[in-house]
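Below, read A as the first sequence line, B as the second, and so on, with proteins coming before strands; counting in each chain starts at 1. Nothing here was measured: the structure is a model prediction, and the numbers come from that model.
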There are 2 protein chains.
Amino acid sequence: MAAVTIRDVALAAGVSLSSVSRALNGGKYVSARVAHDVAQAATRLGYKPDFLARSLRTRSSGMVGCLVSDVSNPLNGSIVRAAEAHLRDAGYMLVVASTANDPTRERAAADEFKGRRFDGMLVAPGSGANDSMWRELALGGTPVVVLDRDPIGARDDSRWPAVLVDHHGGAKAATRYLLGLGHRRIALLTADARMRPSRERIAGFQEAYAETGVDPSGAQLCIQSTPMDFAQGDTVALLRGERRPTAIIALGTRILAGVLRAARNLDLSVPRDLSVLSVGDTDLASVHAPAITALRWSLEDVGRAAAELLLQRLRGDFGGGQSRALLEVDLVLRESCAPPLLRSVQL
Amino acid sequence: MAAVTIRDVALAAGVSLSSVSRALNGGKYVSARVAHDVAQAATRLGYKPDFLARSLRTRSSGMVGCLVSDVSNPLNGSIVRAAEAHLRDAGYMLVVASTANDPTRERAAADEFKGRRFDGMLVAPGSGANDSMWRELALGGTPVVVLDRDPIGARDDSRWPAVLVDHHGGAKAATRYLLGLGHRRIALLTADARMRPSRERIAGFQEAYAETGVDPSGAQLCIQSTPMDFAQGDTVALLRGERRPTAIIALGTRILAGVLRAARNLDLSVPRDLSVLSVGDTDLASVHAPAITALRWSLEDVGRAAAELLLQRLRGDFGGGQSRALLEVDLVLRESCAPPLLRSVQL
DNA sequence: CTCTTCTATGAAAACGTTTTCAGAAGTCTT
DNA sequence: AAGACTTCTGAAAACGTTTTCATAGAAGAG
């Protein structure tokens, strides 16, 4: 229908194809007359450039891909939105693919991105990512920025630009806080321990025990790979068990929900009978009664930093080489943590 | 680098360009020998087709755009994810743009989609969408499916394929339920009344009053256009006011959070002093103590139905013409609603 | 045996841009 | 006045596909 091409504009303006292209792209070497005529003809005809053709010729699509487990998870959604906003300002379009952490789908999506000549990628692979996966990603020279993951097994681990969240420091601070309140038996509930965030948190958790000199035998790790609603059942089992924890650190929204449900079912009052600390601050955490003490970091910053890092590469400006960003994690004190009851302390 | 093109494959297989294209696309008229040689050469060279070039020639990009206010809102995120999954299965790639309901950005995104020759679009414009906006969308003949919006002012209102949620029926059922419990002063808190979901809910709300013959003077509408955290302040004002409502219907997660916060601040017990009903079921609603009675509908179904409707158009199969889907809304009874205290009933 | 229909193939024309190249003017510099 | 730049311009060559077209041979019909 519309299909008004650069050729039509050239015809209307009475100049050549190349002149139109130059005029429209503000190139050098174009006379005032031509510039004016072309501009006029273009608007009169309602010319809209065809990005596809342009991309084919320039070998750059103006698109950036994003590999993420699931957009409907607000954690990812916020990151994506922030990244999208910044990339759009720079003239890029962000395409996100939800891969459910499935390596097959990650590979497929990455391939499609490359087939469409995407200019860059933001990736947060699942735990299935291995050596060859990373190698494949790097193949073809498309700039890649890693979102809170470790390119384990990839050559030049440290060379990958990445934006990382200081989960280690956060978890350590949270654990120290609970230890300081007098808790000794603290349980850490986490989903996939093979991925960076969980791994770092576990390390921080253990380091807090070590550094404060508290007997680490009270530290309990509860790890499961299906994240959805396992937490509720798990928490019940945990709380009914022999060495019942007096505090729980719940990693993620879904797990926090499970923990809170379990506590209610067992008629345990938070924080009297059980202290709860959420990793990640959500509406659920802040509105719940009692309000849940939480570790918080800025998802917007993650998205923004990732976009910045990528844009830097895209400009070919590897400037100074600050290729990784480490974002800090804050402990937001609220009402869900208190010293343990004495009877629970009686080892 | 890689840049292995169809020409290289042709050379390696000792056949012509066109034969390779035919062989690879499983076209008719290709001999067994050629098919074999080409396949072998292609895999040996690691040939990956260039979608850009293909798109340019075939005039179809294999991409579908999605206009939505904000991906980081889990309501939208879930829809997007479901749509993405179904479109991917059909060979399409979904690109979402967060427009913050800003008409300018909606227009810009739609233009970019068209400039990139997107094959179709899923759109949920904000309240700023007017006649010309809809007309522009329809321009160029790109198939468009509307997500829970009314193309008001657009020519052929009813001709737009759309997937709609029965907010009207849902709100009516919720209101009847509260009226049945004995509530007379019910407040409806909503954000942007100009958009379909809110508009339909308000209509259902009022219709419930009318149909049950209850004096509608107790019905209170509280409408505000900035959705974020206005609800808390508004709720406080409402509950301190002269004709304090005994029940609140809160539209959306953020508003629910605000209402619950306000209730806590005023030391009002739910549901004893105040019944709360959430429109939209979230973790917050189900985990909160007490658990919040909520209207629920399937976001996955919205995304899936939209994808189906669009795919139907893309196949050129306007089959039977069932061009709109109406999804039902359920009332999930939980603990946050109870009959009002007598003293509040004393008009 | 001839006339038609089918199958298989390669050459070449698209698709809509940007970019290279060569040349035509004009403007300096000597 | 002759070269040496500079500024502008259009023709044509890319970019990597798919698709049309013409042609050649094979197979089938009469």
Side-chain angles (χ1 to χ4, degrees), chain A residues 1-39 41-42 45-63 91 111-112 114-119 140, chain B residues 1-39 41-42 45-63 91 111-112 114-119 140:
Chain A
M1 288 298 126
V4 37
T5 112
I6 206 176
R7 164 165 258 118
D8 303 324
V9 178
L11 218 64
V15 297
S16 79
L17 244 64
S18 11
S19 293
V20 176
S21 178
R22 273 189 293 260
L24 257 33
N25 298 332
K28 222 43 217 162
Y29 302 141
V30 40
S31 70
R33 189 189 64 81
V34 169
H36 171 265
D37 288 1
V38 166
L45 270 61
Y47 167 74
K48 296 271 168 56
D50 183 325
F51 290 86
L52 234 50
R54 186 205 302 257
S55 300
L56 178 60
R57 180 62 231 241
T58 61
R59 322 188 60 77
S60 128
S61 63
M63 303 214 264
D111 274 357
E112 187 155 9
K114 286 186 184 160
R116 292 185 189 279
R117 286 228 141 81
F118 275 42
D119 296 331
Chain B
M1 289 294 128
V4 37
T5 113
I6 207 177
R7 165 165 259 118
D8 302 325
V9 178
L11 218 62
V15 296
S16 79
L17 243 66
S18 12
S19 294
V20 176
S21 178
R22 274 190 293 260
L24 257 34
N25 297 333
K28 221 44 215 160
Y29 302 141
V30 40
S31 71
R33 189 188 65 80
V34 169
H36 172 264
D37 287 1
V38 166
L45 271 61
Y47 167 74
K48 296 271 169 53
D50 183 325
F51 290 87
L52 233 51
R54 187 205 303 257
S55 300
L56 178 60
R57 180 61 230 241
T58 62
R59 322 189 59 80
S60 128
S61 63
M63 304 214 262
D111 274 356
E112 186 155 9
K114 287 185 183 159
R116 293 185 189 278
R117 287 230 140 80
F118 275 40
D119 296 331

Is any side-chain N or O of [X] closer than 4.0 Å to OP1 or OP2 of [N]?
X: A:Arg59; N: D:dC15; answer: no
X: B:Thr5; N: D:dT17; answer: yes
X: A:Arg54; N: C:dT18; answer: yes

- Query: Taking for each residue the nucleotide of DNA chain C bearing the nearest heavy atom, is the 5' side occupied by A:Leu24 or by B:Ala53?
  - Reply: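 So the residue in question is B:Ala53.
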
- Message: Can you identify which nucleotide, out of D:dT17, C:dT18, C:dT17, has its nearest atom closest to the A:Ser21 side chain?
- Response: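 That would be C:dT18.
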
- Minimum heavy-atom distance A:Tyr47-A:Val4, with the two atoms named: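 Here A:Tyr47 and A:Val4 meet closest at CD1-O, 3.2 Å.
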
As an exercise, state the distance from [atom1] of [X] to [atom2] of [Y], rounded to the nearest 0.5 Å.
X: B:Ser61; Y: B:Arg54; atom1: OG; atom2: CZ; value: 12.0 Å
X: B:Ile6; Y: B:Lys48; atom1: CD1; atom2: NZ; value: 15.0 Å
X: B:Asp119; Y: B:Ser55; atom1: CG; atom2: OG; value: 8.0 Å
X: A:Leu52; Y: A:Arg116; atom1: CG; atom2: CZ; value: 9.0 Å
X: B:Tyr29; Y: B:Arg22; atom1: OH; atom2: CZ; value: 10.5 Å

In whole angstroms, how far is the [atom2] atom of [N] from the [atom1] atom of [X]?
X: A:Ile6; N: C:dC15; atom1: CD1; atom2: C1'; answer: 14 Å
X: B:Phe51; N: D:dG16; atom1: CZ; atom2: C1'; answer: 13 Å
X: A:Leu56; N: D:dT17; atom1: CG; atom2: P; answer: 9 Å
X: B:Asp8; N: D:dC15; atom1: CG; atom2: P; answer: 11 Å
X: A:Asp50; N: C:dT18; atom1: CG; atom2: P; answer: 10 Å
X: A:Arg117; N: C:dT17; atom1: CZ; atom2: C1'; answer: 14 Å

- Check whether any side-chain N or O of A:Asp8 sits under 3.5 Å from a backbone N or O of A:Thr5 as a donor-acceptor pair, and report yes or no.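 Between the backbone of A:Thr5 and the side chain of A:Asp8 there is a qualifying donor-acceptor contact (under 3.5 Å).
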
- Task: Take nucleotides 9-14 of chain D nucleotide by nucleotide from the 5' end and write B, S or -, depending on whether a protein heavy atom sits under 4.0 Å from the base, only from the sugar-phosphate, or from neither.
- Result: BBB-BB

